[in-house]
Number of protein chains: 2
Amino acid sequence: MKPSPTREALLEAACVLFYQRGIHATSVDAILEKAGVARQSLYLHFTSKDGLIAEFLKVRDERWRGAMQRYIATAGEPDQKLLAIFDFLASWFAEPDFHGCAFINTAVEYADPQHPFHQLSAEHKARVRADVLALCLEAGLSEAEAVAGQLALLMEGATVTEQVTRGSQAARQARQIAEILIYRSKGETDACVN
Amino acid sequence: MKPSPTREALLEAACVLFYQRGIHATSVDAILEKAGVARQSLYLHFTSKDGLIAEFLKVRDERWRGAMQRYIATAGEPDQKLLAIFDFLASWFAEPDFHGCAFINTAVEYADPQHPFHQLSAEHKARVRADVLALCLEAGLSEAEAVAGQLALLMEGATVTEQVTRGSQAARQARQIAEILIYRSKGETDACVN
DNA sequence: CGTCTAATAGACCAACCGTTCTATTGGAGC
DNA sequence: GCTCCAATAGAACGGTTGGTCTATTAGACG
(Lines give C-alpha, C1' and ligand atoms only; values in the text may rest on other atoms or scores of the structure.)
Protein backbone atom coordinates (compact mmCIF):
# COMPACT_ATOMS: atom_id res chain seq x y z
CA MET A 1 0.00 0.00 0.00
CA LYS A 2 1.53 3.29 -1.10
CA PRO A 3 0.27 6.17 1.01
CA SER A 4 -0.72 8.63 -1.69
CA PRO A 5 -1.62 12.00 -0.13
CA THR A 6 -4.33 12.52 -2.75
CA ARG A 7 -5.95 9.21 -1.91
CA GLU A 8 -5.65 10.00 1.77
CA ALA A 9 -7.32 13.40 1.37
CA LEU A 10 -10.20 11.82 -0.51
CA LEU A 11 -10.69 9.10 2.05
CA GLU A 12 -10.49 11.54 4.94
CA ALA A 13 -13.02 13.91 3.39
CA ALA A 14 -15.31 10.99 2.64
CA CYS A 15 -15.06 9.73 6.23
CA VAL A 16 -16.12 13.08 7.64
CA LEU A 17 -18.93 13.76 5.18
CA PHE A 18 -20.33 10.23 5.03
CA TYR A 19 -20.51 10.19 8.81
CA GLN A 20 -21.85 13.68 9.38
CA ARG A 21 -24.41 13.88 6.57
CA GLY A 22 -24.97 10.28 5.61
CA ILE A 23 -23.81 8.44 2.52
CA HIS A 24 -26.71 9.09 0.16
CA ALA A 25 -26.75 12.75 1.15
CA THR A 26 -23.07 13.17 0.32
CA SER A 27 -22.37 13.84 -3.34
CA VAL A 28 -19.13 13.07 -5.09
CA ASP A 29 -18.79 16.79 -5.74
CA ALA A 30 -18.93 17.57 -2.02
CA ILE A 31 -16.18 15.07 -1.31
CA LEU A 32 -13.98 16.49 -4.07
CA GLU A 33 -14.43 20.03 -2.82
CA LYS A 34 -13.65 19.13 0.80
CA ALA A 35 -10.62 17.09 -0.24
CA GLY A 36 -9.45 19.86 -2.59
CA VAL A 37 -8.87 17.32 -5.29
CA ALA A 38 -9.74 16.94 -8.95
CA ARG A 39 -12.66 14.88 -10.15
CA GLN A 40 -10.65 12.29 -12.01
CA SER A 41 -8.42 11.62 -9.02
CA LEU A 42 -11.28 9.91 -7.25
CA TYR A 43 -11.71 7.44 -10.08
CA LEU A 44 -7.94 7.03 -10.25
CA HIS A 45 -7.73 5.81 -6.64
CA PHE A 46 -11.13 4.16 -6.23
CA THR A 47 -13.30 2.13 -8.52
CA SER A 48 -16.35 4.30 -7.88
CA LYS A 49 -18.27 6.03 -5.11
CA ASP A 50 -19.19 2.57 -3.87
CA GLY A 51 -15.51 1.67 -3.69
CA LEU A 52 -14.92 4.75 -1.59
CA ILE A 53 -17.83 3.82 0.65
CA ALA A 54 -16.42 0.33 1.20
CA GLU A 55 -13.06 1.84 2.16
CA PHE A 56 -14.79 4.28 4.51
CA LEU A 57 -16.54 1.44 6.29
CA LYS A 58 -13.27 -0.42 6.64
CA VAL A 59 -11.29 2.42 8.23
CA ARG A 60 -14.26 3.45 10.36
CA ASP A 61 -14.43 -0.05 11.82
CA GLU A 62 -10.71 -0.05 12.58
CA ARG A 63 -10.66 3.43 14.05
CA TRP A 64 -13.76 3.10 16.19
CA ARG A 65 -12.90 -0.26 17.69
CA GLY A 66 -9.33 0.92 18.16
CA ALA A 67 -10.52 4.00 20.03
CA MET A 68 -12.70 1.90 22.28
CA GLN A 69 -9.89 -0.53 23.06
CA ARG A 70 -7.51 2.33 23.80
CA TYR A 71 -10.01 3.99 26.10
CA ILE A 72 -10.73 0.77 27.94
CA ALA A 73 -7.05 0.04 28.38
CA THR A 74 -6.84 2.97 30.79
CA ALA A 75 -9.29 1.29 33.19
CA GLY A 76 -8.00 -1.02 35.91
CA GLU A 77 -9.84 -4.12 37.01
CA PRO A 78 -11.41 -6.36 34.36
CA ASP A 79 -14.96 -5.55 35.40
CA GLN A 80 -14.11 -1.86 35.53
CA LYS A 81 -13.07 -2.24 31.92
CA LEU A 82 -16.54 -3.47 31.06
CA LEU A 83 -18.05 -0.40 32.67
CA ALA A 84 -15.48 1.78 30.93
CA ILE A 85 -17.21 0.85 27.67
CA PHE A 86 -20.04 3.12 28.69
CA ASP A 87 -17.73 5.90 29.78
CA PHE A 88 -16.23 5.65 26.34
CA LEU A 89 -19.69 5.99 24.87
CA ALA A 90 -20.37 9.02 27.06
CA SER A 91 -17.25 10.79 25.81
CA TRP A 92 -18.18 9.86 22.25
CA PHE A 93 -21.70 11.23 22.66
CA ALA A 94 -20.23 14.45 24.01
CA GLU A 95 -18.46 15.17 20.75
CA PRO A 96 -20.24 18.11 19.11
CA ASP A 97 -20.58 16.36 15.78
CA PHE A 98 -21.73 13.01 17.09
CA HIS A 99 -24.14 11.50 14.62
CA GLY A 100 -24.74 8.02 15.94
CA CYS A 101 -23.07 4.80 14.89
CA ALA A 102 -21.88 4.93 11.30
CA PHE A 103 -22.76 1.27 10.85
CA ILE A 104 -26.28 1.52 12.17
CA ASN A 105 -26.69 4.49 9.86
CA THR A 106 -25.33 2.50 6.95
CA ALA A 107 -27.62 -0.44 7.68
CA VAL A 108 -30.52 2.01 7.66
CA GLU A 109 -29.43 3.65 4.42
CA TYR A 110 -29.00 0.25 2.77
CA ALA A 111 -32.13 -1.35 4.15
CA ASP A 112 -31.85 -4.58 2.19
CA PRO A 113 -30.09 -7.10 4.47
CA GLN A 114 -28.53 -8.66 1.37
CA HIS A 115 -26.81 -5.45 0.36
CA PRO A 116 -23.01 -5.61 0.75
CA PHE A 117 -22.87 -2.46 2.87
CA HIS A 118 -25.61 -3.71 5.15
CA GLN A 119 -23.66 -6.92 5.61
CA LEU A 120 -20.44 -5.02 6.32
CA SER A 121 -22.34 -3.23 9.07
CA ALA A 122 -23.50 -6.54 10.53
CA GLU A 123 -19.93 -7.81 10.43
CA HIS A 124 -18.73 -4.73 12.31
CA LYS A 125 -21.34 -5.38 14.98
CA ALA A 126 -20.20 -8.98 15.24
CA ARG A 127 -16.62 -7.81 15.75
CA VAL A 128 -17.64 -5.39 18.48
CA ARG A 129 -19.60 -8.14 20.19
CA ALA A 130 -16.52 -10.35 20.00
CA ASP A 131 -14.45 -7.60 21.60
CA VAL A 132 -16.97 -7.27 24.41
CA LEU A 133 -17.07 -11.04 24.85
CA ALA A 134 -13.29 -11.10 25.26
CA LEU A 135 -13.62 -8.54 28.04
CA CYS A 136 -16.36 -10.58 29.71
CA LEU A 137 -14.17 -13.66 29.65
CA GLU A 138 -11.27 -11.64 31.04
CA ALA A 139 -13.52 -10.57 33.88
CA GLY A 140 -14.34 -14.22 34.55
CA LEU A 141 -18.06 -13.72 34.21
CA SER A 142 -20.35 -16.69 34.22
CA GLU A 143 -22.40 -16.93 31.03
CA ALA A 144 -20.00 -14.55 29.35
CA GLU A 145 -21.69 -15.09 25.99
CA ALA A 146 -25.06 -14.01 27.29
CA VAL A 147 -23.70 -10.99 29.14
CA ALA A 148 -21.72 -9.87 26.11
CA GLY A 149 -24.90 -9.91 24.07
CA GLN A 150 -26.71 -7.96 26.75
CA LEU A 151 -23.97 -5.32 26.94
CA ALA A 152 -23.89 -5.02 23.16
CA LEU A 153 -27.62 -4.45 23.16
CA LEU A 154 -27.21 -1.73 25.78
CA MET A 155 -24.54 -0.08 23.65
CA GLU A 156 -26.87 0.01 20.66
CA GLY A 157 -29.73 1.33 22.72
CA ALA A 158 -27.65 4.10 24.23
CA THR A 159 -26.18 5.14 20.90
CA VAL A 160 -29.51 5.33 19.11
CA THR A 161 -31.27 7.03 22.01
CA GLU A 162 -28.62 9.71 22.11
CA GLN A 163 -28.68 10.10 18.35
CA VAL A 164 -32.41 10.68 18.11
CA THR A 165 -32.64 12.73 21.28
CA ARG A 166 -29.44 14.61 22.03
CA GLY A 167 -28.67 15.21 25.67
CA SER A 168 -30.61 12.18 26.86
CA GLN A 169 -27.82 10.98 29.13
CA ALA A 170 -28.32 7.55 27.59
CA ALA A 171 -24.74 6.46 28.25
CA ARG A 172 -25.13 6.92 31.99
CA GLN A 173 -28.43 5.07 31.93
CA ALA A 174 -26.93 2.16 30.04
CA ARG A 175 -23.99 2.09 32.43
CA GLN A 176 -26.29 1.70 35.39
CA ILE A 177 -28.00 -1.27 33.79
CA ALA A 178 -24.65 -2.76 32.86
CA GLU A 179 -23.53 -2.46 36.46
CA ILE A 180 -26.49 -4.53 37.58
CA LEU A 181 -25.95 -7.19 34.93
CA ILE A 182 -22.24 -7.51 35.62
CA TYR A 183 -22.76 -7.62 39.35
CA ARG A 184 -25.32 -10.39 38.95
CA SER A 185 -23.10 -12.37 36.62
CA LYS A 186 -20.27 -12.37 39.11
CA GLY A 187 -22.28 -15.03 40.88
CA GLU A 188 -23.51 -13.05 43.83
CA THR A 189 -27.10 -13.29 44.95
CA ASP A 190 -29.26 -10.31 44.22
CA ALA A 191 -29.18 -7.73 46.97
CA CYS A 192 -30.64 -4.28 46.73
CA VAL A 193 -27.33 -2.58 47.26
CA ASN A 194 -26.90 0.89 45.89
CA MET B 1 -61.53 15.72 6.45
CA LYS B 2 -63.17 13.86 3.58
CA PRO B 3 -61.69 10.43 3.11
CA SER B 4 -60.73 10.64 -0.53
CA PRO B 5 -59.79 7.18 -1.84
CA THR B 6 -57.12 8.71 -4.05
CA ARG B 7 -55.49 10.42 -1.12
CA GLU B 8 -55.75 7.25 0.90
CA ALA B 9 -54.10 5.17 -1.82
CA LEU B 10 -51.23 7.63 -2.02
CA LEU B 11 -50.70 7.70 1.72
CA GLU B 12 -50.87 3.94 1.99
CA ALA B 13 -48.37 3.41 -0.81
CA ALA B 14 -46.07 5.99 0.73
CA CYS B 15 -46.28 4.30 4.14
CA VAL B 16 -45.22 0.95 2.73
CA LEU B 17 -42.45 2.26 0.49
CA PHE B 18 -41.02 4.83 2.89
CA TYR B 19 -40.80 2.17 5.57
CA GLN B 20 -39.46 -0.66 3.46
CA ARG B 21 -36.94 1.21 1.32
CA GLY B 22 -36.36 4.42 3.20
CA ILE B 23 -37.56 7.91 2.37
CA HIS B 24 -34.69 9.17 0.23
CA ALA B 25 -34.66 5.89 -1.69
CA THR B 26 -38.35 6.17 -2.54
CA SER B 27 -39.10 8.31 -5.58
CA VAL B 28 -42.36 10.07 -6.21
CA ASP B 29 -42.71 7.92 -9.30
CA ALA B 30 -42.53 4.73 -7.26
CA ILE B 31 -45.28 5.97 -4.96
CA LEU B 32 -47.49 6.93 -7.89
CA GLU B 33 -47.03 3.57 -9.53
CA LYS B 34 -47.77 1.61 -6.36
CA ALA B 35 -50.82 3.75 -5.62
CA GLY B 36 -52.02 3.49 -9.22
CA VAL B 37 -52.63 7.21 -9.29
CA ALA B 38 -51.81 10.08 -11.58
CA ARG B 39 -48.90 12.41 -11.00
CA GLN B 40 -50.92 15.54 -10.41
CA SER B 41 -53.11 13.85 -7.83
CA LEU B 42 -50.23 13.80 -5.38
CA TYR B 43 -49.83 17.56 -5.59
CA LEU B 44 -53.58 17.94 -5.37
CA HIS B 45 -53.76 16.21 -1.99
CA PHE B 46 -50.37 17.07 -0.55
CA THR B 47 -48.21 20.15 -0.72
CA SER B 48 -45.16 18.19 -1.86
CA LYS B 49 -43.21 15.03 -1.17
CA ASP B 50 -42.25 16.56 2.17
CA GLY B 51 -45.92 17.04 2.98
CA LEU B 52 -46.51 13.38 2.24
CA ILE B 53 -43.55 12.45 4.44
CA ALA B 54 -44.95 14.46 7.33
CA GLU B 55 -48.29 12.71 6.96
CA PHE B 56 -46.54 9.34 6.83
CA LEU B 57 -44.75 10.07 10.10
CA LYS B 58 -48.02 11.09 11.70
CA VAL B 59 -49.99 7.97 10.80
CA ARG B 60 -46.99 5.74 11.52
CA ASP B 61 -46.80 7.14 15.06
CA GLU B 62 -50.49 6.58 15.63
CA ARG B 63 -50.54 3.08 14.18
CA TRP B 64 -47.41 1.82 15.89
CA ARG B 65 -48.24 3.08 19.35
CA GLY B 66 -51.80 1.90 18.87
CA ALA B 67 -50.60 -1.58 17.97
CA MET B 68 -48.38 -1.71 21.03
CA GLN B 69 -51.16 -0.58 23.34
CA ARG B 70 -53.56 -3.13 21.85
CA TYR B 71 -51.01 -5.92 22.25
CA ILE B 72 -50.26 -4.97 25.82
CA ALA B 73 -53.92 -4.80 26.70
CA THR B 74 -54.11 -8.58 26.31
CA ALA B 75 -51.63 -9.09 29.16
CA GLY B 76 -52.90 -9.38 32.71
CA GLU B 77 -51.00 -8.02 35.68
CA PRO B 78 -49.47 -4.54 35.40
CA ASP B 79 -45.90 -5.82 35.50
CA GLN B 80 -46.78 -8.51 32.98
CA LYS B 81 -47.85 -5.67 30.73
CA LEU B 82 -44.39 -4.17 30.97
CA LEU B 83 -42.87 -7.46 29.89
CA ALA B 84 -45.47 -7.76 27.15
CA ILE B 85 -43.78 -4.79 25.51
CA PHE B 86 -40.95 -7.08 24.56
CA ASP B 87 -43.27 -9.82 23.37
CA PHE B 88 -44.81 -7.21 21.15
CA LEU B 89 -41.37 -6.36 19.83
CA ALA B 90 -40.68 -10.04 19.19
CA SER B 91 -43.82 -10.42 17.11
CA TRP B 92 -42.93 -7.22 15.25
CA PHE B 93 -39.42 -8.45 14.52
CA ALA B 94 -40.89 -11.69 13.20
CA GLU B 95 -42.71 -9.89 10.41
CA PRO B 96 -40.98 -10.76 7.14
CA ASP B 97 -40.66 -7.14 6.05
CA PHE B 98 -39.49 -5.74 9.35
CA HIS B 99 -37.10 -2.89 8.66
CA GLY B 100 -36.46 -1.39 12.07
CA CYS B 101 -38.13 1.60 13.65
CA ALA B 102 -39.38 4.07 11.05
CA PHE B 103 -38.48 6.96 13.33
CA ILE B 104 -34.95 5.87 14.04
CA ASN B 105 -34.58 5.43 10.30
CA THR B 106 -35.97 8.89 9.70
CA ALA B 107 -33.66 10.44 12.28
CA VAL B 108 -30.77 8.76 10.49
CA GLU B 109 -31.91 9.92 7.06
CA TYR B 110 -32.34 13.48 8.33
CA ALA B 111 -29.17 13.63 10.40
CA ASP B 112 -29.47 17.29 11.34
CA PRO B 113 -31.19 17.42 14.76
CA GLN B 114 -32.78 20.71 13.73
CA HIS B 115 -34.53 19.17 10.75
CA PRO B 116 -38.33 19.00 11.19
CA PHE B 117 -38.46 15.28 10.41
CA HIS B 118 -35.68 14.54 12.88
CA GLN B 119 -37.61 16.44 15.51
CA LEU B 120 -40.82 14.59 14.68
CA SER B 121 -38.90 11.39 15.32
CA ALA B 122 -37.70 12.66 18.67
CA GLU B 123 -41.26 13.60 19.56
CA HIS B 124 -42.46 10.10 18.70
CA LYS B 125 -39.81 8.66 21.00
CA ALA B 126 -40.92 10.99 23.78
CA ARG B 127 -44.50 9.78 23.32
CA VAL B 128 -43.45 6.15 23.50
CA ARG B 129 -41.46 6.86 26.62
CA ALA B 130 -44.53 8.52 28.12
CA ASP B 131 -46.60 5.45 27.30
CA VAL B 132 -44.03 3.23 29.01
CA LEU B 133 -43.91 5.56 31.99
CA ALA B 134 -47.67 5.28 32.38
CA LEU B 135 -47.32 1.50 32.50
CA CYS B 136 -44.55 1.77 35.08
CA LEU B 137 -46.73 3.95 37.27
CA GLU B 138 -49.61 1.53 36.82
CA ALA B 139 -47.32 -1.23 38.03
CA GLY B 140 -46.50 0.87 41.08
CA LEU B 141 -42.77 0.80 40.45
CA SER B 142 -40.48 2.96 42.52
CA GLU B 143 -38.46 5.39 40.43
CA ALA B 144 -40.90 4.85 37.60
CA GLU B 145 -39.25 7.64 35.59
CA ALA B 146 -35.88 5.97 35.71
CA VAL B 147 -37.22 2.52 34.88
CA ALA B 148 -39.25 3.88 31.99
CA GLY B 149 -36.09 5.37 30.56
CA GLN B 150 -34.27 2.10 31.00
CA LEU B 151 -37.01 0.11 29.30
CA ALA B 152 -37.15 2.59 26.45
CA LEU B 153 -33.42 2.20 25.99
CA LEU B 154 -33.81 -1.56 25.89
CA MET B 155 -36.51 -1.23 23.25
CA GLU B 156 -34.22 0.87 21.07
CA GLY B 157 -31.35 -1.52 21.54
CA ALA B 158 -33.41 -4.55 20.64
CA THR B 159 -34.93 -2.90 17.58
CA VAL B 160 -31.64 -1.75 16.15
CA THR B 161 -29.84 -4.98 16.95
CA GLU B 162 -32.52 -6.96 15.14
CA GLN B 163 -32.50 -4.56 12.22
CA VAL B 164 -28.78 -4.76 11.59
CA THR B 165 -28.51 -8.46 12.35
CA ARG B 166 -31.71 -10.32 11.57
CA GLY B 167 -32.43 -13.35 13.71
CA SER B 168 -30.46 -12.06 16.67
CA GLN B 169 -33.23 -12.86 19.17
CA ALA B 170 -32.72 -9.37 20.53
CA ALA B 171 -36.28 -9.09 21.82
CA ARG B 172 -35.85 -12.07 24.10
CA GLN B 173 -32.53 -10.72 25.35
CA ALA B 174 -34.06 -7.33 26.10
CA ARG B 175 -36.95 -9.01 27.86
CA GLN B 176 -34.61 -10.84 30.19
CA ILE B 177 -32.91 -7.60 31.15
CA ALA B 178 -36.26 -5.92 31.63
CA GLU B 179 -37.33 -8.71 33.96
CA ILE B 180 -34.34 -8.04 36.18
CA LEU B 181 -34.92 -4.29 36.22
CA ILE B 182 -38.61 -4.61 37.00
CA TYR B 183 -37.99 -7.18 39.71
CA ARG B 184 -35.43 -4.90 41.31
CA SER B 185 -37.71 -1.92 41.16
CA LYS B 186 -40.53 -3.87 42.79
CA GLY B 187 -38.15 -5.00 45.53
CA GLU B 188 -37.29 -1.45 46.37
CA THR B 189 -40.94 -0.58 46.47
CA ASP B 190 -41.57 -3.29 49.05
CA ALA B 191 -38.54 -2.12 50.98
CA CYS B 192 -39.78 1.46 50.96
CA VAL B 193 -43.31 0.55 51.90
CA ASN B 194 -42.20 -1.71 54.72
C1' DC C 1 17.04 17.55 -21.98
C1' DG C 2 13.55 14.14 -22.53
C1' DT C 3 10.32 10.80 -20.35
C1' DC C 4 7.13 9.09 -17.40
C1' DT C 5 3.54 9.69 -14.17
C1' DA C 6 0.24 11.72 -11.08
C1' DA C 7 -2.72 15.26 -10.88
C1' DT C 8 -5.32 19.00 -12.72
C1' DA C 9 -9.53 21.68 -14.88
C1' DG C 10 -13.49 21.43 -17.12
C1' DA C 11 -16.59 20.02 -20.58
C1' DC C 12 -19.77 16.41 -21.27
C1' DC C 13 -23.04 12.56 -20.67
C1' DA C 14 -27.24 9.94 -19.65
C1' DA C 15 -30.16 9.18 -15.95
C1' DC C 16 -32.98 10.54 -12.38
C1' DC C 17 -35.08 13.79 -9.26
C1' DG C 18 -39.30 16.68 -7.58
C1' DT C 19 -42.35 19.78 -9.56
C1' DT C 20 -45.36 22.32 -12.86
C1' DC C 21 -48.18 22.80 -16.91
C1' DT C 22 -51.56 21.61 -20.41
C1' DA C 23 -55.20 19.34 -22.16
C1' DT C 24 -58.56 15.84 -21.60
C1' DT C 25 -61.78 12.68 -19.42
C1' DG C 26 -65.80 11.01 -16.87
C1' DG C 27 -69.13 11.07 -13.49
C1' DA C 28 -72.28 13.53 -9.98
C1' DG C 29 -75.70 17.17 -9.03
C1' DC C 30 -78.77 20.69 -10.41
C1' DG D 1 -78.21 19.14 -21.17
C1' DC D 2 -75.07 21.62 -18.58
C1' DT D 3 -71.80 22.75 -15.18
C1' DC D 4 -68.51 21.55 -11.92
C1' DC D 5 -64.75 19.09 -10.22
C1' DA D 6 -61.70 15.33 -9.28
C1' DA D 7 -58.76 12.74 -11.70
C1' DT D 8 -56.22 11.43 -15.71
C1' DA D 9 -52.04 11.11 -19.14
C1' DG D 10 -48.09 12.93 -20.57
C1' DA D 11 -44.90 16.36 -21.90
C1' DA D 12 -41.73 19.55 -20.07
C1' DC D 13 -38.90 22.02 -16.61
C1' DG D 14 -34.50 22.99 -14.15
C1' DG D 15 -31.50 20.86 -11.13
C1' DT D 16 -28.52 17.23 -9.45
C1' DT D 17 -26.45 12.87 -9.65
C1' DG D 18 -22.36 9.46 -10.64
C1' DG D 19 -19.29 8.74 -14.12
C1' DT D 20 -16.41 9.49 -18.51
C1' DC D 21 -13.43 11.95 -21.80
C1' DT D 22 -9.97 15.22 -23.28
C1' DA D 23 -6.31 18.03 -22.90
C1' DT D 24 -2.95 20.20 -20.02
C1' DT D 25 0.31 20.84 -16.27
C1' DA D 26 4.03 20.07 -12.86
C1' DG D 27 7.50 17.44 -10.91
C1' DA D 28 10.65 13.43 -10.30
C1' DC D 29 14.12 10.62 -12.31
C1' DG D 30 17.53 9.12 -15.42
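Remember, it's a predicted structure, so these values are computed and weren't measured experimentally. So you know, we letter chains A, B, ... as the sequences are listed, proteins then strands, and number each from 1.
Listed here is the closest heavy atom pair of Lys49(A) and His24(A): NZ-O, 4.4 Å.
Not one N or O on the side chain of Arg60(B) forms a donor-acceptor pair closer than 3.5 Å with the backbone of Phe103(B). Using a distance-only test at 3.5 Å, with no hydrogens or angles considered, a donor-acceptor pair links the side chain of Tyr19(A) to the main chain of Gly100(A). The closest donor-acceptor contact from the side chain of Ser121(B) to the backbone of Ile104(B) lies at 3.5 Å or more, if one exists at all. No donor-acceptor pair closer than 3.5 Å links the side chain of Thr159(B) to the backbone N or O of Cys101(B). A donor-acceptor pair under 3.5 Å is absent between the side-chain atoms of Thr74(B) and the main chain of Arg70(B), judged by distance alone.
Applying the salt bridge (charged side-chain N to carboxylate O under 4.0 Å, His left out) test to every pair with at least one member in residues 100-112 of chain A, sequence neighbours left out, gives no pairs at all.
At the phosphate of dA7(D), OP1 or OP2 sits under 4.0 Å from a side-chain N or O atom of His45(B). For the pair Ser4(B) and dA6(D), the criterion of a side-chain N or O lying under 4.0 Å from OP1 or OP2 is not met. Ser41(B) has no side-chain polar atom (N or O) that falls below the 4.0 Å cut-off from OP1 or OP2 of dA7(D).
Here Leu44(A) is tied to no hydrophobic group at all, with no ILVMFWY side chain closer than 4.5 Å.
For the side chain to side chain contact (heavy atoms under 4.5 Å, CB included) test, residues two or more places apart in sequence or in another chain that qualify with Ala111(B) are His99(A).
When side chains are defined from C-beta on, Gln163(A) counts as touching Val108(B), because their heavy atoms get closer than 4.5 Å. Counting only heavy atoms from C-beta outward, the side chains of Tyr71(B) and Leu89(B) never approach each other to under 4.5 Å.
Axis angle, first five pairs versus last five pairs of the helix from dC1(C)-dG30(D) to dA28(C)-dT3(D): 0°, rounded to 10°.
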Grab the N/O contacts between the protein and nucleotides 27-29 of chain C below 3.5 Å, and write none if there aren't any.
none

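The distance from atom CZ of Phe46(B) to atom P of dT19(C) is 13 Å, rounded to the nearest whole Å. In this structure, CG of Leu10(B) is placed 13 Å from C1' of dA6(D), rounded to the nearest angstrom. One can place CG of Leu44(B) at 18 Å from P of dA23(C), the figure rounded to the nearest angstrom. Across the protein-nucleic acid pair, Glu33(B) atom CD and dC17(C) atom P stand 12 Å apart, rounded to whole Å. Look at CG on Leu32(A): it is 13 Å from C1' on dG10(C), rounded to the nearest Å.
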Heavy-atom contacts, protein to nucleotides 12-24 of chain D, under 4.0 Å, summarised as B (base), S (sugar-phosphate only) or - (none) per nt, yield -----SBBBBB--

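Heavy atoms of Gly36(A) sit under 4.0 angstrom from primed sugar atoms or phosphate atoms, though from no base atom.
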